> 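I am attaching a structure below and will ask some questions about it afterwards.
Since this is a predicted model, take the numbers as computed values, not measurements. First listed ligand is number 1; within each ligand, the first listed atom is number 1.
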Amino acid sequence: MLRIGIIGTGGMGNHHASEFSKMKDVKVVACCDISEQRRKAFAEKWKVPAVYADYHEMLEKEDLDGVAVVTVDDMHAPISIAAIEKGIPVLCEKPMATNLSDAKRMLEAAKKKGVINMINFSYRSSSGLQAASKVVSQGKIGNLKHVESSYLQSWLVSRSWGDWRTSEGWLWRLSTKHGSMGALGDIGVHIYDLTSFLCGDFGQIYCKLKTFDKGVPENRIGEYVLDANDSFVSAVIFKNGALGTITASRWATGQINSLRARVYGDKGAIEIDLDRAYDEYRICVGQKNIDKAVWKTVKCPPTSNNYQRFIKAIKTGRNDPSDFENGVKIQAYLEASFESDRLGRWVNIEI
Ligand SMILES: NC(=O)c1ccc[n+]([C@@H]2O[C@H](COP(=O)([O-])OP(=O)(O)OC[C@H]3O[C@@H](n4cnc5c(N)ncnc54)[C@H](O)[C@@H]3O)[C@@H](O)[C@H]2O)c1
């Protein structure tokens, strides 16, 4: 039986518990949150025997085979490093950290200690994305020329996930002081990972971030100043020479949680649309199909999800491809995006 601890028992912490609870040889034995109400409710719901307010104490007292770091973003680095120093494998939520140097420190710590590490880029659980990534890397759509991808949400307009004005879980995401990197760090990170997993590494970025007026007096609600970006548009030049646009927004009225990527090569094209299905991609290949723009939908067999792959990494002692090394790369894309927005020009990716 593998013994897992979960640090951060909010919305996503509950999702981790739900996924781990489906695995026969895994048990969530400890949880931690600074909110007494949330940690108690979580422990009760998931029948977790050991409950902590302080993660140091939990890491000290519990004998854990792995830990999931599911707190607000600016605690990912200190908590992950503390776990790694105790030799405990870490599944850390995205974004890996709030800056590139912290992400690099996390990677160095994990390498030094030889500890299994993974970032939870959720959409890698899509069997359609996994299969499409293989199709592209095998050259079936040829040399990539043009890419467009987007991650669209509408929680600043819709109430389908509750009212952001009254929920801490949404308010910290709007406030840089509370460790948020805005839409770029929250959902941009997913679409950057998905796009680079599908199309290869980015070479240069030109990014424009935007924080819109939310119609709130003095632009604050209690302790939360609403200053984080809530929409961005990035142009990307990939190392393989392709050109792409990547966008994300919390203002995409009419979209709940919509991820899409379209990739065009000189021998074909591929499309992922996770709104339509997680287990399929669409492809246009073969001269006759290309001439008539005929697309075929390909259903893909199930693949392991991220939680299963984290457990597999612990058991085998081999990191999943969504490891801290990949996390540092995505963090460098975030950093370059902020720099580009600040300077108003293209920025080379430097890791
Ligand atoms: N992979 C995904 O698809 C996905 C989806 C949603 C959220 N997330 C990530 O998961 C993390 C949590 O998001 P959420 O939606 O659950 O937010 P949330 O606000 O619902 O939960 C965060 C929890 O962390 C707790 N916390 C803060 N500091 C702490 C500390 N020092 N020690 C212990 N607990 C602490 C808070 O009290 C809160 O309960 C974020 O980093 C977010 O980006 C990832």
> Is the Trp346 ring parallel, tilted or perpendicular to the Tyr206 ring (thresholds 30°, 60°)?
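Trp346 vs Tyr206 ring planes: perpendicular.
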> Using a cut-off of under 3.5 Å, which N/O atoms of ligand 1 pair up with protein N/O atoms, and what distance separates each pair?
residue: ligand 1; atom: 1 (N); partner: Glu93; partner atom: OE1; Å: 2.9
residue: ligand 1; atom: 1 (N); partner: Asn120; partner atom: O; Å: 3.1
residue: ligand 1; atom: 1 (N); partner: Ser122; partner atom: OG; Å: 2.7
residue: ligand 1; atom: 3 (O); partner: Ser122; partner atom: OG; Å: 2.6
residue: ligand 1; atom: 3 (O); partner: His190; partner atom: NE2; Å: 3.3
residue: ligand 1; atom: 15 (O); partner: Arg173; partner atom: NH1; Å: 3.3
residue: ligand 1; atom: 15 (O); partner: Arg173; partner atom: NH2; Å: 2.8
residue: ligand 1; atom: 16 (O); partner: Gly11; partner atom: N; Å: 3.2
residue: ligand 1; atom: 16 (O); partner: Met12; partner atom: N; Å: 2.7
residue: ligand 1; atom: 19 (O); partner: Trp172; partner atom: NE1; Å: 2.8
residue: ligand 1; atom: 20 (O); partner: Gly11; partner atom: N; Å: 3.0
residue: ligand 1; atom: 37 (O); partner: Asp33; partner atom: OD1; Å: 2.6
residue: ligand 1; atom: 37 (O); partner: Arg38; partner atom: NH2; Å: 3.1
residue: ligand 1; atom: 39 (O); partner: Asp33; partner atom: OD1; Å: 3.3
residue: ligand 1; atom: 39 (O); partner: Asp33; partner atom: OD2; Å: 2.7
residue: ligand 1; atom: 39 (O); partner: Arg38; partner atom: NE; Å: 2.6
residue: ligand 1; atom: 41 (O); partner: Thr71; partner atom: O; Å: 3.1
residue: ligand 1; atom: 41 (O); partner: Asp73; partner atom: OD1; Å: 2.6
residue: ligand 1; atom: 41 (O); partner: His76; partner atom: NE2; Å: 2.8
residue: ligand 1; atom: 41 (O); partner: Lys94; partner atom: O; Å: 3.3
residue: ligand 1; atom: 43 (O); partner: Asp73; partner atom: OD1; Å: 3.3
residue: ligand 1; atom: 43 (O); partner: Lys94; partner atom: O; Å: 2.9
residue: ligand 1; atom: 43 (O); partner: Lys94; partner atom: NZ; Å: 2.9

> Going by the rule ring-ring contact (aromatic ring centres under 6.0 Å, His included), which residues pair with Phe197 if we only count those two or more places apart in sequence or in a different chain?
none
> Look at the aromatic rings of Phe212 and Trp251 and report parallel, tilted or perpendicular, splitting at 30° and 60°.
perpendicular
> With sequence neighbours left out, which residue pairs that include part of residues 74-83 fulfil the side chain to side chain donor-acceptor pair (under 3.5 Å) condition?
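Counting only pairs at least two positions apart or across chains, no side chain to side chain donor-acceptor pair (under 3.5 Å) contact touches residues 74-83.
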> Connecting only ILVMFWY residues whose side-chain heavy atoms lie within less than 4.5 Å of each other, what is the rest of Ile4's hydrophobic cluster?
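Ile4 shares its hydrophobic cluster with Leu2, Ile6, Met12, Phe20, Met23, Val26, Val28, Phe42, Trp46, Val48, Val70, Leu91, Ile116, Met118, Tyr307, Phe310, Ile311, Ile314.
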> Would you say the side-chain atoms of Ser231 and Ser249 include a donor-acceptor pair closer than 3.5 Å?
yes
